[in-house]
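As structure tokens, the structure follows; a few thoughts come after it.
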Protein chains: 2
Amino acid sequence: MSSDKQERRVFHNNEDCPVRNVVAQIGDKWSILILFALVDGPDRFNSLRSRIEGISQRMLTQTLRDLERDGFVLRTVYPQVPVKVEYELTDLGKGLSGSVWKLVSWADNHHETIRENRKSYDEANS
Amino acid sequence: MSSDKQERRVFHNNEDCPVRNVVAQIGDKWSILILFALVDGPDRFNSLRSRIEGISQRMLTQTLRDLERDGFVLRTVYPQVPVKVEYELTDLGKGLSGSVWKLVSWADNHHETIRENRKSYDEANS
DNA sequence: TGCCTTGGTTACCTTCAGGTAACCCATAGA
DNA sequence: TCTATGGGTTACCTGAAGGTAACCAAGGCA
């Protein structure tokens with residue numbers, strides 16, 4: 001009997017799976033963009049909206065709520081008129097965006113290679 | 001005139017955006033699980049299928065094809081009977097999974113905090 | 001009395017990722 | 001000839017993500 005298969009890990013997809021969890025966290029369309037926008041410092045709702053190209057009001061609100069819920073973002077309301085709402089990264093949020101940033105810069109460095117791989121794959125399977 | 005807004009980056013969502021690209025790459029449901037399963041070494045189709053809990057044959061095939069297309073995974077067919085197909089990480093794939101792993105382990109370390117944040121947010125907004 | 005501002009909410013609709021299950025192919029062996 | 005095995009493909013369907021656009025609320029100001 002070979003011992004190969006014994007050593008291999010099995011990956012579960014229940015909700016305690018850390019892999020599954022982090023992907024679900026930041027794998028949506030806008031979370032990372034918002035996180036990165038807030039790395040520059042606190043910002044207001046409409047400013048974020050114009051800095052993140054293509055995001056709708058609805059998705060900005062919703063994604064900010066989710067990030068706030070997880071403790072990545074702090075929301076502060078200044079009861080002026082008109083009201084001013086500022087969003088900023090918490091320490092947890094800074095940690096997350098730092099970690100994500102490393103991944104993104106890896107991807108950025110290898111972006112061109114990947115594009116070439118894709119192109120030759122597609123040509124070979126045309 | 002304040003100089004605040006001048007310094008802030010704008011994030012585009014065109015297809016050259018590296019952020020958008022990496023998220024699209026690995027943000028789907030199964031890519032990371034497959035990558036991590038292959039970190040243990042080359043593996044065969046049906047072995048992967050049983051090690052990655054809950055994945056369907058269709059999604060395993062599809063996700064492996066995508067990973068192969070980008071050059072993260074190498075697919076080798078051994079013309080035996082029945083046929084044997086082995087998948088393994090390329091160097092590029094190893095680099096990616098290493099980078100992703102750092103992010104996942106960050107998430108793993110802060111998983112509990114996030115769960116608590118969520119719980120208290122939900123209680124406050126009940 | 002309107003209208004402007006910021007920062008939303010809500011209803012509605014479309015798209016598409018992903019699940020299920022049936023089918024395919026080559027060949028070996030009973 | 002029937003079945004088994006590995007590694008798929010295909011048709012079909014559903015749920016959820018996300019887009020659009022209309023509406024709201026509080027208050028200042030003209």
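Because the structure is a prediction, the values reported are computed rather than measured. What's counted below: heavy atoms across the whole structure, side chains too, no hydrogens, waters or symmetry copies. Every chain is numbered from 1 and lettered A, B, ... according to where its sequence line falls, protein lines coming before strand lines.
The distance from atom CD1 of B/Ile32 to atom P of C/dA17 is 17 Å, rounded to the nearest whole Å. Atom CG in A/Leu60 sits about 14 Å away from atom C1' in D/dG19, given to the nearest Å. The separation between B/Met59 atom CE and D/dG15 atom C1' is 15 Å, rounded to whole Å. Atoms CZ (B/Arg75) and P (D/dG7) sit 10 Å apart, rounded to a whole Å. Regarding A/Glu86, its CD atom lies at a distance of 15 Å from the P atom of C/dT6, rounded to whole Å. Atom CZ of B/Arg58 is separated from atom P of C/dA21 by 14 Å (rounded to the nearest Å). If you take CH2 of A/Trp30 and C1' of D/dA17, they are 12 Å apart, rounded to a whole angstrom. Here D/dG18 presents its C1' atom at 13 Å from CD1 of A/Ile34, a figure rounded to the nearest Å.
Residues A/Ile55 and B/Gln62 each lie close to DNA chain D; by heavy-atom proximity, the contact nearer the 5' end of the strand is made by B/Gln62.
Applying the 6.0 Å contact sphere to CZ of B/Arg118 captures more than 12 heavy atoms from other residues, nucleotides or ligands. Shown here is A/Arg65, whose CZ atom has more than 12 heavy atoms of other residues, nucleotides or ligands within 6.0 Å.
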### Message
Before you tell me yes or no, could you show the steps for A/Ile26 and B/Leu103 under side chain to side chain contact (heavy atoms under 4.5 Å, CB included), namely the whole-Å CA-CA distance, both residues' side-chain angles and the distance that decides it to 0.1 Å?
### Response
CA-CA 11 Å; A/Ile26 56 149; B/Leu103 173 62; 3.8 Å; yes

### Query
Should B/Leu60 and B/Leu64 be marked as a side chain to side chain contact (heavy atoms under 4.5 Å, CB included) after you check the CA-CA gap, both sets of side-chain angles, and the distance that decides it?
CA-CA 6 Å; B/Leu60 181 56; B/Leu64 281 169; 3.7 Å; yes

#### Entry: B/Gln25 vs A/Ile114, side chain to side chain contact (heavy atoms under 4.5 Å, CB included): CA-CA, chis, key distance, verdict
CA-CA 10 Å; B/Gln25 208 76 201; A/Ile114 293 167; 4.0 Å; yes

### Task
Check the pair A/Leu89, A/Val73 against side chain to side chain contact (heavy atoms under 4.5 Å, CB included), reporting the backbone distance first and the verdict last.
CA-CA 5 Å; A/Leu89 291 185; A/Val73 160; 4.2 Å; yes

Find every protein N or O atom lying less than 3.5 Å from an N or O atom of nucleotides 3-6 of chain D, and list the pairs.
{"unit_1": "D/dG6", "atom_1": "O3'", "unit_2": "B/Arg44", "atom_2": "NH2", "d": "3.2"}
{"unit_1": "D/dG6", "atom_1": "O3'", "unit_2": "B/Val83", "atom_2": "O", "d": "2.9"}

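For B/Asp108 (side chain) and B/Val104 (main-chain N/O), no donor-acceptor pair under 3.5 Å exists by modelled atom type.
Ring planes of B/Trp101 and B/Phe36: perpendicular class, angle over 60° (limits at 30 and 60°).
Residues B/Glu86 and B/Tyr78 come closest through the heavy atom pair OE1-OH, 3.6 Å.
Side-chain N/O atoms of A/Arg65 include one lying less than 4.0 angstrom from OP1 or OP2 on C/dG8.
Taking five base pairs at each end of the helix from C/dT1-D/dA30 to C/dA30-D/dT1 and finding the rotation axis that steps the C1' atoms of four pairs onto the next four gives two axes whose angle is 30°, to the nearest 10°.
Within the 4.0 angstrom heavy-atom criterion, only backbone atoms of the sugar-phosphate kind lie near A/Tyr87; the bases stay farther away.
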